[in-house]
Amino acid sequence: MCLGRSLVGFTYCTCYLASYVTNKYVLSVLKFTYPTLFQGWQTFVGGLLLHVSWKLGWVEINSSSRPLLCFSFCIMQLQRSSGAARRVSGKSALFLLAAAGCLPFNDAQFDPDGYFWAVIHLLCVGAYQMVRQTRKSSALSDIDQQYLNYIFSVVLLAFASPPTGDLSSVLDFPYLYFYQFHGSCCASGVLGFFLMLSTVKLRSLLAPGQCAAWIFFAKVVTAALSLLLFDMKLTRATVGCLLLAALGEALLVFSERKGS
């Protein structure tokens, strides 16, 4: 049993690292700076693979849950659970907020568009986590929630791409017809799907504290290897922000393990 859980943990770390490196390559090396299209492609591939897996019987999805009906379920639960914040250590939250607030002012490679979409991502993740804080009697499993997440993400990103200018500007992308770009985008979608599956498996088999520890380990390994694989300009202030964030994550793991 212990060996099986360790294998799931290492599988998650491998998927996390491979997915991050692939995305980093597309966004930073190839400079495909069209987030609505890239995210839309990833969610489309993930949703398609999940749907195929469901039809083949590899995963179980509640087919009686109509998408619009389930969405209205999610909205009601969001309203009910808006006041239920996740319990974390006060010091952990303080360190993470301090690191996130100081990093933009000390980033030698500061990109306002990148930080704008990072804020959008944090807001979406925060809203999604509040939706997840539902009662245990919820009819939606993790796979059900992810399936609906794929559907609505594809729809929302498809409507968002024309107003942001991504749809019209992508024709000027210099690597649009290069196999490196096509291969990296396909790998990104597939790896994101496997990362989702490994995350669901990790949460289903391990206690919250153990799960948090594996997630923290994956982040540390990925951050360390990123310094070797990509051209990153680090200053003392930037390193300090990263170490402060790592300390906050470590305290979060400690609080999760202590709580479990």
Side-chain angles (χ1 to χ4, degrees), residues 6 9-35 38-39 42 85-129 180 184 187-188 191-192 195-196 198-199 202 206 208-259:
S6 299
F10 281 113
T11 301
Y12 167 80
C13 292
T14 302
C15 292
Y16 186 95
L17 173 62
S19 178
Y20 174 87
V21 170
T22 304
N23 293 341
K24 181 76 172 177
Y25 175 76
V26 174
L27 297 174
S28 298
V29 179
L30 298 182
K31 299 186 184 302
F32 187 74
T33 55
Y34 310 95
F38 189 52
Q39 293 275 332
Q42 289 177 315
R86 188 180 181 180
R87 296 180 180 178
V88 295
S89 169
K91 291 184 178 179
S92 173
L94 180 63
F95 288 153
L96 290 173
L97 288 174
C102 294
L103 184 60
F105 300 99
N106 298 282
D107 188 356
Q109 297 171 301
F110 179 79
D111 180 10
D113 291 336
Y115 279 98
F116 170 77
W117 286 106
V119 172
I120 297 298
H121 171 73
L122 291 176
L123 292 176
C124 293
V125 170
Y128 183 68
Q129 288 300 325
Q180 296 97 326
S184 300
S188 176
L191 289 172
L195 177 60
M196 181 276 298
S198 62
T199 303
L202 189 74
L206 275 65
Q210 295 175 322
C211 183
W214 277 109
I215 294 175
F216 175 70
F217 177 72
K219 289 180 179 180
V220 171
V221 172
T222 301
L225 289 178
S226 297
L227 298 176
L228 301 176
L229 298 176
F230 300 101
D231 183 20
M232 303 178 64
K233 298 179 181 179
L234 295 179
T235 62
R236 292 183 179 180
T238 305
V239 173
C241 291
L242 296 178
L243 292 177
L244 192 62
L247 179 59
E249 289 277 359
L251 289 176
L252 178 60
V253 173
F254 176 77
S255 64
E256 289 280 358
R257 293 182 69 89
K258 188 176 181 179

* Asked: side chain to side chain contact (heavy atoms under 4.5 Å, CB included) between I215 and Y16: does it pass, once the steps are laid out?
  -> CA-CA 9 Å; I215 294 175; Y16 186 95; 5.7 Å; no
* Asked: What closest approach, in Å, do N106 and A237 show between heavy atoms, and which atom pair accounts for it?
  -> OD1-CB, 3.3 Å
Compile the donor-acceptor pairs under 3.5 Å between side chains in residues 222-235 and protein atoms, sequence neighbours left out, one pair per line.
{"residue": "T222", "atom": "OG1", "partner": "A218", "partner atom": "O", "Å": "2.7"}
{"residue": "S226", "atom": "OG", "partner": "T222", "partner atom": "O", "Å": "2.7"}
{"residue": "T235", "atom": "OG1", "partner": "T238", "partner atom": "N", "Å": "3.2"}
{"residue": "T235", "atom": "OG1", "partner": "T238", "partner atom": "OG1", "Å": "2.9"}

* To do: Could you tell me the separation between the CG atom of L206 and the OH atom of Y12, rounded to the nearest 0.5 Å?
  => 11.5 Å
* To do: Could you pull out the closest heavy-atom pair between T22 and S184, with the gap in Å?
  => CG2-O, 3.4 Å
* Residue pair L191 / C15, side-chain heavy-atom distance below 4.5 Å -> no
* Nearest heavy atoms of C211 and L202, plus distance in Å -> SG-CD2, 3.7 Å
* To do: Let me see the working for V221 and C13 under side chain to side chain contact (heavy atoms under 4.5 Å, CB included), right down to the final yes or no.
  => CA-CA 8 Å; V221 172; C13 292; over 6 Å; no
* Asked: Would you say the ring centroid of Y34 lies under 6.0 angstrom from that of F32?
  -> yes
* To the nearest 0.5 angstrom, please state how far the NZ atom of K24 sits from the CG atom of L30. => 12.5 Å
* To do: Give, for atom CZ of F38 and atom OG of S188, the distance between the pair rounded to the nearest 0.5 Å.
  => 3.5 Å
* Structure fact -> d(F10 CZ, L17 CG) to nearest 0.5 Å is 13.0 Å
* Distance, nearest 0.5 Å, that separates OG of S6 from CH2 of W214 -> 5.5 Å
* Asked: So which pairs with a foot in residues 218-230 pass salt bridge (Lys or Arg N to Asp or Glu O under 4.0 Å), sequence neighbours left out?
  -> K219-E249
